[in-house]
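Working notes, beginning with the structure itself.
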Amino acid sequence: EANKIAGRWSVYPNPAGEKFTLSIDMKQAVKGTLRLFSPAGLTVYSSPVTLNAGANATEISTVSLPVGIYTLRLSSPEGLNIITKLVKIR
């Protein structure tokens, strides 16, 4: 269950211009996948992430993405599953 693996998390800035940061406090270390899905549901970004126990911050460039509303998903085999909306401007 995600709340047993992760504590507080945030995505900022949102709306994002050229980049955004995913900040997450982990209760245990996990290897996961960070994905961004377009409004049409297509994967436009996918990257493996290693999250350590404690505070983590991952910066993702959005320069190549068109303006729109994206879905961000962070998941891991251990059950981490965070889904949120990200608005890309400019």
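Below, each value reflects all heavy atoms present in this structure, side chains not excepted, and no hydrogens, waters or symmetry copies. Bear in mind that the values here come from a model prediction, so they are computed numbers and not experimental data.
The shortest side-chain heavy-atom distance between Thr62 and Tyr70 does not fall under the 4.5 Å cut-off.
Among residue pairs with one or both ends in residues 49-61, none qualify as side-chain hydrogen bond (donor to acceptor under 3.5 Å, both in side chains); sequence neighbours excluded. For residues 31-42, no pair satisfies salt bridge (Lys or Arg N to Asp or Glu O under 4.0 Å), with sequence neighbours left out. Sorted by first and then second residue, the salt bridge (Lys or Arg N to Asp or Glu O under 4.0 Å) pairs involving residues 41-51 (not counting sequence neighbours) form an empty list. The list of salt bridge (Lys or Arg N to Asp or Glu O under 4.0 Å) pairs with a residue in residues 42-56, not counting sequence neighbours, is empty.
For the side-chain contact (heavy atoms from CB on, under 4.5 Å) test, residues two or more places apart in sequence or in another chain that qualify with Thr43 are Phe37, Ser46. Scored by the side-chain hydrogen bond (donor to acceptor under 3.5 Å, both in side chains) test, Ser76 finds Glu78 as partners (sequence neighbours excluded).
Residue Ile69 qualifies as open at atom CD1: its count of foreign heavy atoms under 6.0 Å is 12 or below.
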Leu72 and Tyr45: side chain to side chain contact (heavy atoms under 4.5 Å, CB included), yes or no, with the steps? CA-CA 9 Å; Leu72 179 146; Tyr45 177 88; over 6 Å; no
Can you check side chain to side chain contact (heavy atoms under 4.5 Å, CB included) on Arg73 and Asn81, steps first, answer last? CA-CA 7 Å; Arg73 181 176 181 201; Asn81 193 35; 2.8 Å; yes
Please assess Leu74 against Leu51 for the test side chain to side chain contact (heavy atoms under 4.5 Å, CB included), listing each intermediate value before the final yes or no. CA-CA 11 Å; Leu74 175 62; Leu51 301 169; 4.0 Å; yes
Could you pull out every donor-acceptor pair under 3.5 Å between side chains of residues 8-18 and any protein atom, sequence neighbours left out?
residue : atom : partner : partner atom : Å
Asn14   : OD1  : Val87   : N            : 2.9
Asn14   : ND2  : Lys85   : O            : 2.9

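Judged by distance alone, the side chain of Lys88 and the main-chain N or O of Arg90 form a donor-acceptor pair under 3.5 Å.
Note: Met26 CE to Ile24 CD1 = 5.0 Å, rounded to the nearest 0.5 Å.
Within the hydrophobic cluster formed by Ile, Leu, Val, Met, Phe, Trp and Tyr side chains joined at under 4.5 Å, directly or through other members, Ile83 stands alone, with no partner residue.
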